[in-house]
Amino acid sequence: MDKITSIACDVETFSPVNLAKAGVYKYADHRDFQILLFSYAIDDSEVQTVDLALGEQIPAEILSALDDPQVVKWAYNASFERTCLSAYLGRRLDPAGWRCSMVWAATLGLPLSLKDVGAVLNLDVQKMSEGKDLIKFFCIPDKHGHQHQPSEDPERWKLFAAYNARDVEVETLIRRKLSKFPVPEDVWEQYEADQRINDRGIRIDTTLATSAIAIDDAHRTQALARAQTLTGLDNPASPLQLQTWLTEHGCELESLTKTAVDEALAAATGPVREALELRQELSRSSVAKYRKMMDATCTDSRAHGLLQFYGANRTGRWAGRLVQVQNLPRNSLPDLAQARALVRGGDGEMLAILYPSVPDTLSQLIRTAFIPSENSRLIVADYSAIEARVLAWLAGEHTTLAAFANGEDLYCATASAMFGVPVEKHGANSDLRQKGKIAVLACGYSGSVGALKAMGALKMGLTEDELQPIVDAWRDANPNIVQFWRDVDQAAITTITTGTPVSLRNLRFEKRSGLLLITLPSGRRLSYVKPSIGVNRFGGTSITYWGQGVARKWQKLETYGGKLVENIVQATARDLLAEAITRIEKTGRRIVMHIHDEVVIDEPTDSRISVDDICALMNTLPTWAEGLPIDAAGYECSFYQKD
């Protein structure tokens with residue numbers, strides 16, 4: 001037999017664990033996990049199916065190829081196949097040589113599901129529609145916990161085997177369709193690093209998580225009982241019942257959203273105030289992430305698979321999965337360790353005495369449930385104001401770049417440029433710093449008054465009349481960024497309408513095979529499917545493309561210069577982080593999690609690696625980023641927290 005160079009594969013599996021709820025690692029970690037069917041094609045030849053449920057065995061040469069990093073292993077959502085096969089073999093298959101055609105599709109702005117990609121690409125062979133019912137019948141226990149066997153419905157099992165083989169055929173056709181646009185090798189290297197991080201997982205303090213859930217349950221029971229006594233309602237958690245009661249007591253509210261209740265609390269007194277406060281306590285979802293942690297934690301006390309490579313297919317950034325680490329609540333408690341110790345000890349009564357809100361305290365402790373391995377510490381390092389730095393660098397906004405290079409506070413420097421006076425964080429004109437901050441956060445991607453409001457400008461004490469002048473002042477102080485929006489918009493329009501490639505500073509716009517491609521400074525490309533020019537709701541020129549919109553529906557979407565700039569900036573920031581992650585991993589450090597612009601490293605207590613060492617690796621500029629003033633800072637901790 002000739003040497004195998006590639007294998008395309010797909011598996012069908014059984015496990016009592018809810019895959020969507022717990023993730024593939026815990027799904028495959030269960031003692032009753034099985035691979036039922038394994039279909040494969042060697043070097044894209046005819047698909048073969050191994051019926052493991054009926055006693056067939058995976059051929060020895062295939063098992064050998066799975067361990068060989070020189071053999072390319074293809075699958076759609078390859079992390080599922082690799083994790084399941086690892087559980088079947090009883091050893092972790094190294095990610096080296098594994099390639100994911102879902103990631104490939106994502107690099108071109110296509111949907112992430114196999115069915116949707118096949119439909120969008122108009123493949124001659126499509127994923128079989130019967131699959132959902134077949135999976136429900138053979139892969140999931142019925143309501144009595146029974147696992148259906150092939151012998152119970154031989155015809156349906158035969159169809160299931162055909163379904164398994166079809167997925168390999170569809171995956172192969174997708175790769176052929178995408179062959180004009182190969183994924184750069186450095187992106188595959190980043191994918192392999194990502195898979196090792198997910199394999200490694202992060203340790204969860206299950207004592208803290210379970211105690212937090214128990215304390216929250218007890219607190220909610222007490223709060224509900226008090227609300228019933230106070231209002232006389234059967235269910236004061238019901239918005240309709242509570243709104244009626246509030247109206248009867250002189251507090252009429254159109255809704256019971258957090259914002260509406262907060263506004264009502266400003267003037268409320270007596271029983272009405274207490275009822276509103278209880279409403280806020282009962283409506284907090286402070287332990288949902290603790291429950292997610294417990295759902296995802298495997299027998300090794302670690303949660304795996306929390307990050308999806310290229311999960312945001314517009315920019316290539318990672319997406320959070322399961323626990324959603326990308327949106328963890330911030331912590332501001334000065335005595336975090338004390339509160340944490342009370343929760344770990346299950347002392348809800350003392351927690352309620354010492355802290356004004358039990359749900360808020362539990363919420364602030366969520367980060368601290370991520371802990372290092374035994375005899376280890378966490379090193380956390382992140383980039384400071386990375387998007388603002390990248391935006392100024394791409395646009396050539398020299399004043400901002402100089403401020404960064406000199407180590408100045410960005411918000412002070414911005415406010416100073418906006419208002420023409422010195423601004424110091426704790427000195428002269430310090431009141432203007434807040435206006436500089438909100439302008440930086442809201443205005444960088446052509447945002448105006450609406451963006452300022454969305455960022456909470458009015459809640460920060462700014463008045464409606466101040467908003468437009470802030471926008472105008474920021475734009476006057478950042479003329480190169482404003483021009484950059486226009487230049488990007490025009491470059492995209494020119495490329496779409498004429499098909500002529502356009503170079504803009506260190507970016508390149510081109511149209512190929514029905515795609516608008518924007519090559520980033522790193523060499524990676526952003527892709528917009530079927531770009532065209534239309535008219536927006538204001539009667540102006542509009543750039544449109546096809547992508548997934550609301551409810552993942554494939555539809556025509558609209559964009560513009562500022563939004564394209566946002567994509568470009570976030571994608572470039574992603575590339576900096578991705579290269580830093582790969583660089584850090586190559587030194588033997590163990591990254592266990594990363595969030596936006598931050599890495600979390602699980603480091604032995606007795607190692608000599610310091611925060612400065614990690615920051616130096618973060619601050620090593622790629623050759624393509626010359627002149628970009630990045631700055632990473634970090635800290636050590638015995639449990640994860642926001643410094």
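The shown structure was predicted, so the numbers you read here are calculated from the model rather than taken from an experiment.
- Distance alone, capped at 3.5 Å, places no donor-acceptor pair between the Arg317 side chain and the His596 backbone.
- With hydrogens and angles ignored, the 3.5 Å screen pairs a side-chain donor or acceptor of Ser15 with a backbone N or O of Tyr27.
- For the pair Asp606 and Asn375, the minimum side-chain heavy-atom distance is 4.5 Å or more.
- Remark: the backbone N or O of Gln308 is not paired with any side-chain donor or acceptor of Arg321 at under 3.5 angstrom.
- Side-chain atoms of Thr361 come within 3.5 Å of backbone N or O of Ser357 as a donor-acceptor pair.
- In plain terms, the two heavy atoms of Ile366 and Tyr290 that are nearest each other are N-OH, 3.2 Å.
- Across all their heavy atoms, Met293 and Thr297 have their closest contact at O-OG1, 2.6 Å.
- Side-chain contact of Asp216 with Ser286: a donor-acceptor pair under 3.5 Å is present, judged by distance alone.
- Side-chain contact check for Leu307 versus Asn198: some heavy-atom pair is nearer than 4.5 Å.
- Looking only at atom types and distance, the side chain of Asn77 has a donor-acceptor partner in the side chain of Ser79 under 3.5 Å away.
- No side-chain donor from either of Arg433 and Tyr411 sits under 3.5 Å from a side-chain acceptor of the other.
- Heavy atoms only, all atoms of each residue included: Ala312 and Ala319 are closest at N-CB, 4.3 Å.
- Across all non-hydrogen atoms, the minimal contact from Cys412 to Lys425 is SG-N, 3.3 Å.
- Two residues are said to be in side-chain contact when any heavy atoms from C-beta on lie closer than 4.5 Å; Trp554 and Gln548 meet this criterion.
- The shortest distance between side-chain heavy atoms of Met618 and Arg583 does not fall below 4.5 Å.
- A donor-acceptor contact closer than 3.5 angstrom links the side chains of Glu387 and Tyr445.
- Around NZ of Lys563, the count of heavy atoms belonging to other residues, nucleotides or ligands within 6.0 Å does not exceed 12.
- Considering Leu577, Leu394, Leu526, Leu391 as possible partners of Thr572, the one that fulfils the side chain to side chain contact (heavy atoms under 4.5 Å, CB included) test is Leu394.
- In this structure, a donor-acceptor pair under 3.5 Å is absent between the side chains of Arg574 and Thr315.
- One side chain, Thr299 or Asp29, offers a donor N or O that lies under 3.5 Å from an acceptor on the other.
- Looking at Arg344 and Ser211, their side chains never come closer than 4.5 Å, going by heavy atoms from C-beta outward.
- At least one cation-pi condition fails for Arg389 and Tyr383: the charged atom is not both under 6.0 angstrom from the six-membered ring centre and inside a 45 degree cone around its axis.
- Using modelled atom types, one finds no donor on one side chain facing an acceptor on the other under 3.5 Å when comparing Thr559 with Tyr528.
- The side-chain heavy atoms of Val343 and Leu365, taken from C-beta on, include a pair separated by under 4.5 Å.
- A donor-acceptor pair under 3.5 Å is formed between the side chain of Asn619 and the backbone N or O of Ala632.
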Trace of the salt bridge (Lys or Arg N to Asp or Glu O under 4.0 Å) decision for Arg291 with Asp295 | CA-CA 6 Å; Arg291 297 185 193 278; Asp295 288 341; over 6 Å; no
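- Contact detail for Ser446 and Tyr560: the closest heavy-atom pair is OG-CE1, 3.4 Å.
- Defined by atom type and a distance below 3.5 Å, a donor-acceptor pair is missing between the side-chain atoms of Thr107 and Arg524.
- In this structure, the side chain of Tyr640 does not engage the main chain of Val600 through any donor-acceptor pair within 3.5 Å.
- Judged purely by atom type and a 3.5 angstrom limit, Arg589 uses its side chain to pair as donor or acceptor with the backbone of Thr587.
- With hydrogens and angles left out, the side-chain atoms of Asp613 and Ser610 include a donor and acceptor closer than 3.5 Å.
- Side-chain contact, Ser238 with Asn235: no donor N or O sits under 3.5 Å from an acceptor N or O.
- The shortest distance between side-chain heavy atoms of Glu579 and Gln190 falls below 4.5 Å.
- Judged purely by atom type and a 3.5 angstrom limit, Lys289 uses its side chain to pair as donor or acceptor with the backbone of Val323.
- Between Ser638 and Pro372 the shortest heavy-atom distance is O-CD, 3.1 Å.
- One finds no salt bridge joining Asp300 and Arg203 here, because no Lys/Arg side-chain nitrogen approaches an Asp/Glu carboxylate oxygen to under 4.0 Å.
- A donor-acceptor distance shorter than 3.5 angstrom exists from the side chain of Glu585 to the backbone of Ile591, with no hydrogens or angles considered.
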Do Glu566 and Arg314 pass the salt bridge (Lys or Arg N to Asp or Glu O under 4.0 Å) test, and can you show the C-alpha distance, the side-chain angles, and the key distance before you say yes or no?
-> CA-CA 11 Å; Glu566 181 179 23; Arg314 185 63 49 224; over 6 Å; no
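- With a 6.0 Å radius and a threshold of 12 heavy atoms from other residues, nucleotides or ligands, Glu349 has its CD atom at or below the threshold.
- In this structure, Asp116 does not pair ionically with Arg552, as no charged nitrogen and carboxylate oxygen lie closer than 4.0 Å.
- Between the side chains of Asp194 and Trp318, at least one donor N or O lies within less than 3.5 Å of an accepting N or O.
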